[in-house]
Number of protein chains: 2
Amino acid sequence: MKRSKKERQSLLTEKITDNPFVTDEQLAAEFNVSVQTIRLDRMELAIPELRERIKDVAAKNYDEVKSLPLDEVIGEIIDIELDNRALSIFDVSSEHVFQRNGIARGHHLFAQANSLAVAVINDELALTAKSNVAFVKPVRAGDRVVTKAIVTGKLPEKNRTFIEVTSTVDNEVVFKGDFEMYRTKGEEK
Amino acid sequence: MKRSKKERQSLLTEKITDNPFVTDEQLAAEFNVSVQTIRLDRMELAIPELRERIKDVAAKNYDEVKSLPLDEVIGEIIDIELDNRALSIFDVSSEHVFQRNGIARGHHLFAQANSLAVAVINDELALTAKSNVAFVKPVRAGDRVVTKAIVTGKLPEKNRTFIEVTSTVDNEVVFKGDFEMYRTKGEEK
DNA sequence: ATTAGTATTAGCACTTGGTACTAATACCAA
DNA sequence: TTGGTATTAGTACCAAGTGCTAATACTAAT
C-alpha cells in the first residue's frame, strides 16, 4: 500500500493537525515508512517536533484566555464621514467561527456593526441603547465582511441617533441591524 | 536567604502553578539550591516534570477546544439545563471598556448573551437568526455580569427557538435581549 | 561530644523524542 | 546507463528529565 510522497505528506499534515500529540514513531508505523522519512517530511513541511507542538498548544491556552476582541474597533474602518456614514471591513478567520461547521459566531458580526455604529457618531462618546439585528446568511472563515453604517435619524432632545448597518460578503447581504445610540453630549454644529 | 524546606516547597508549588513552563534548573537557580533538591521536592509534592506539565496544559486546552461549546462561550456557564435555561457570569475588566469613561462596550454584553443563547440549545448547532437587544444601564470594569437565558418558545416546523436573555449586575438589569435562534437538525451543507 | 535522623548535594546510567549529519541503497525515467 | 529523487540506516548529540547510590551537611536530643 504505497502512497506517493505527496499524498503521504498531505495525509501527514492532516494527521498532525488533527492530533498534535502523535510521535514520529507512531506516524512511521501508520504510514509504513521509516522514522527518518517522517522526519524528512516534517522538515519539508516545516512541522515542528512533538514537544514543540505540544508546547504551542499549551502556550496558546496559557497566553491569554483568548476569547475575543480587545480592539477599539472590530474590523478596519476604511471610510468615514462623521455623523453620516462609515464603512469597515473585517476578515473572518478560523478563530471567529464554530469549529463544527465553519460558520462565524454571531457576536463577531455584531461587534463589527456595533463598533462601526459607535465610530460614526461624532461625539466624545456614544453608547448603544438598543439594537435590532438579523443574521441573514451564514458567514464563513475566509470571507471578507464589508459593513456600512448610515445615520438615518436623530432625536437631539433625547440624545439619540439612529443608525442602519448592513454587512455584505461579495455583495450579498449577510447581516442587517438597526442601532439606537445614546450620545453623551448634544450635537455640535 | 536560606528558606526552610517547607517554605521552599510551598513557594515552589506556587511558582510552578503560576508558570508550568519552568525547568528544574531555573528553579534551582531561583531558590539557590541544587537541581537534585528541586527534584526531590517535586517528588515529595507529586509535581510532574516539565514535559508532563506542559502536556497537561495542552491536553486540557485541546479537550476543551474539541468538546466545545463551552469554550465558545463568552463568560463562564455556571448552570445549564438544556433546552430550558442557562446562567453564566462574566467579569468585566479593563480590556472590555472604553478608556474614556470605563463603560463596557456593547458587543461584549451581546457576546455573552449570544453565546449563552447558543449554548442553551440542545442541538448539534445553533445559529442566531435575529435578535433584539437593549442596553439598559452602563456596565463598568469590575462589574460581574450575571446573565440568564430562558427558552420561551419554539417553532419546530421552522427550526426556530426563542430565547429571552437578561443580564444583571448586583441584581440590577443592565441588558435585555430576545434571540431568535435557528437550529440545524443534523445536516447542513 | 556523640549519635541519630533529616536535608542536601553529587554522580552515573538510562529514557524519550527528538536534531544534524553522512552514507548507502532503492526506484523511476530518459 | 546515467541521473535525480526518495528512502532507509546509522551515528553523535541534546534537553529535561527518572532512578538509584553514596557522600556530606545540618540539626536536635541525649
Side-chain angles (χ1 to χ4, degrees), chain A residues 1-66 93-95 99, chain B residues 1-68 70-71:
Chain A
M1 234 290 204
K2 270 283 157 180
R3 289 175 178 89
S4 77
K5 186 181 176 180
K6 244 188 170 167
E7 200 182 344
R8 188 189 58 230
Q9 291 195 344
S10 95
L11 277 172
L12 188 89
T13 314
E14 201 186 320
K15 272 264 167 231
I16 291 179
T17 331
D18 196 54
N19 171 25
F21 299 81
V22 66
T23 65
D24 287 357
E25 208 166 61
Q26 292 171 330
L27 289 164
E30 192 143 336
F31 288 109
N32 252 312
V33 293
S34 70
V35 172
Q36 283 81 355
T37 301
I38 298 292
R39 309 244 222 250
L40 284 172
D41 283 349
R42 273 201 300 101
M43 268 157 228
E44 279 181 35
L45 298 165
I47 299 172
E49 65 165 290
L50 171 68
R51 286 155 185 150
E52 290 305 315
R53 294 194 306 260
I54 291 182
K55 212 192 289 179
D56 289 348
V57 176
K60 211 179 280 173
N61 184 22
Y62 219 73
D63 257 359
E64 214 168 308
V65 186
K66 54 187 171 207
S93 67
S94 59
E95 74 252 34
Q99 284 96 327
Chain B
M1 191 72 178
K2 267 287 170 205
R3 290 171 179 89
S4 76
K5 187 182 176 182
K6 243 186 172 168
E7 199 181 344
R8 187 189 58 230
Q9 291 194 344
S10 96
L11 276 171
L12 188 88
T13 315
E14 199 187 323
K15 272 263 169 231
I16 291 178
T17 331
D18 196 55
N19 171 25
F21 298 81
V22 66
T23 65
D24 287 358
E25 208 166 62
Q26 294 171 330
L27 289 164
E30 191 142 338
F31 288 109
N32 253 311
V33 293
S34 71
V35 172
Q36 285 80 352
T37 301
I38 298 292
R39 309 247 221 252
L40 285 172
D41 283 348
R42 273 200 300 100
M43 269 157 229
E44 281 180 36
L45 298 165
I47 298 172
E49 64 165 293
L50 170 68
R51 285 151 183 154
E52 290 306 314
R53 293 193 308 259
I54 291 182
K55 212 194 288 177
D56 289 348
V57 175
K60 204 167 138 200
N61 187 25
Y62 207 71
D63 286 350
E64 273 171 25
V65 166
K66 261 200 155 165
S67 67
L68 243 54
L70 295 186
D71 194 50

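Quick note: numbers below take in every heavy atom, side chains included, and nothing from hydrogens, waters or symmetry partners. A note on names: the letters A, B, ... follow the listed sequences, proteins ahead of strands, and every chain is numbered from 1.
Surrounding CD of B/Glu25 are at most 12 heavy atoms belonging to other residues, nucleotides or ligands under 6.0 Å away.
To the nearest angstrom, P of D/dT18 lies 13 Å from CD of B/Glu25. Atom CD in B/Glu52 sits roughly 15 Å away from atom P in D/dA16 (whole-Å rounding). Regarding B/Asp24, its CG atom lies at a distance of 12 Å from the C1' atom of D/dA15, rounded to whole Å. Taking atom CZ on B/Phe21 and atom C1' on D/dG17, their separation rounds to 17 Å, with Å as the unit. The separation between A/Asp56 atom CG and C/dG18 atom P is 14 Å, rounded to whole Å. The distance between atom CD1 of A/Ile47 and atom C1' of C/dG17, rounded to the nearest whole Å, is 16 Å. Regarding B/Leu50, its CG atom lies at a distance of 19 Å from the P atom of D/dC14, rounded to whole Å. Rounded to an integer number of Å, the gap from A/Ile38 CD1 to D/dA6 P is 15 Å.
Among the heavy atoms of the strands lying under 4.0 Å from A/Glu49 are primed sugar atoms or P, OP1, OP2 only; no base atom is included. Nucleic acid contact for A/Arg53: none, since no nucleic acid atom lies under 4.0 Å from a heavy atom of the residue.
We find the CD1-CD1 distance between A/Ile47 and A/Ile16 to be 4.0 Å, quoted to the nearest 0.5 Å. Taking OG1 from A/Thr37 and CZ from A/Arg8, the interatomic distance works out to 5.5 Å, rounded to the nearest 0.5 Å.
In terms of position along DNA chain C, the nucleotide closest to B/Leu40 lies nearer the 5' end than the nucleotide closest to the other residue of the pair B/Arg51 and B/Leu40. The 5' end of DNA chain D is approached more closely, in terms of each residue's nearest nucleotide, by A/Val35 than by the other of A/Val35 and B/Met43.
For the pair A/Asn19/A/Val22, a side-chain contact is recorded, criterion being any heavy-atom separation below 4.5 Å from C-beta on.
Between A/Arg39 and the phosphate of C/dG17, there is no side-chain N or O to OP1/OP2 separation shorter than 4.0 Å. In terms of phosphate contacts, A/Arg8 brings no side-chain nitrogen or oxygen within less than 4.0 Å of OP1 or OP2 of D/dA6. Between D/dT8 and A/Thr37, a contact under 4.0 Å exists linking OP1 or OP2 to a side-chain N or O.
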Pair A/Glu30-A/Lys15, salt bridge (Lys or Arg N to Asp or Glu O under 4.0 Å): steps then yes or no: CA-CA 10 Å; A/Glu30 192 143 336; A/Lys15 272 264 167 231; 3.0 Å; yes
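With a 3.5 Å ceiling on both atom-pair distances, the Watson-Crick or G-U wobble partner of D/dT30 is C/dA1.
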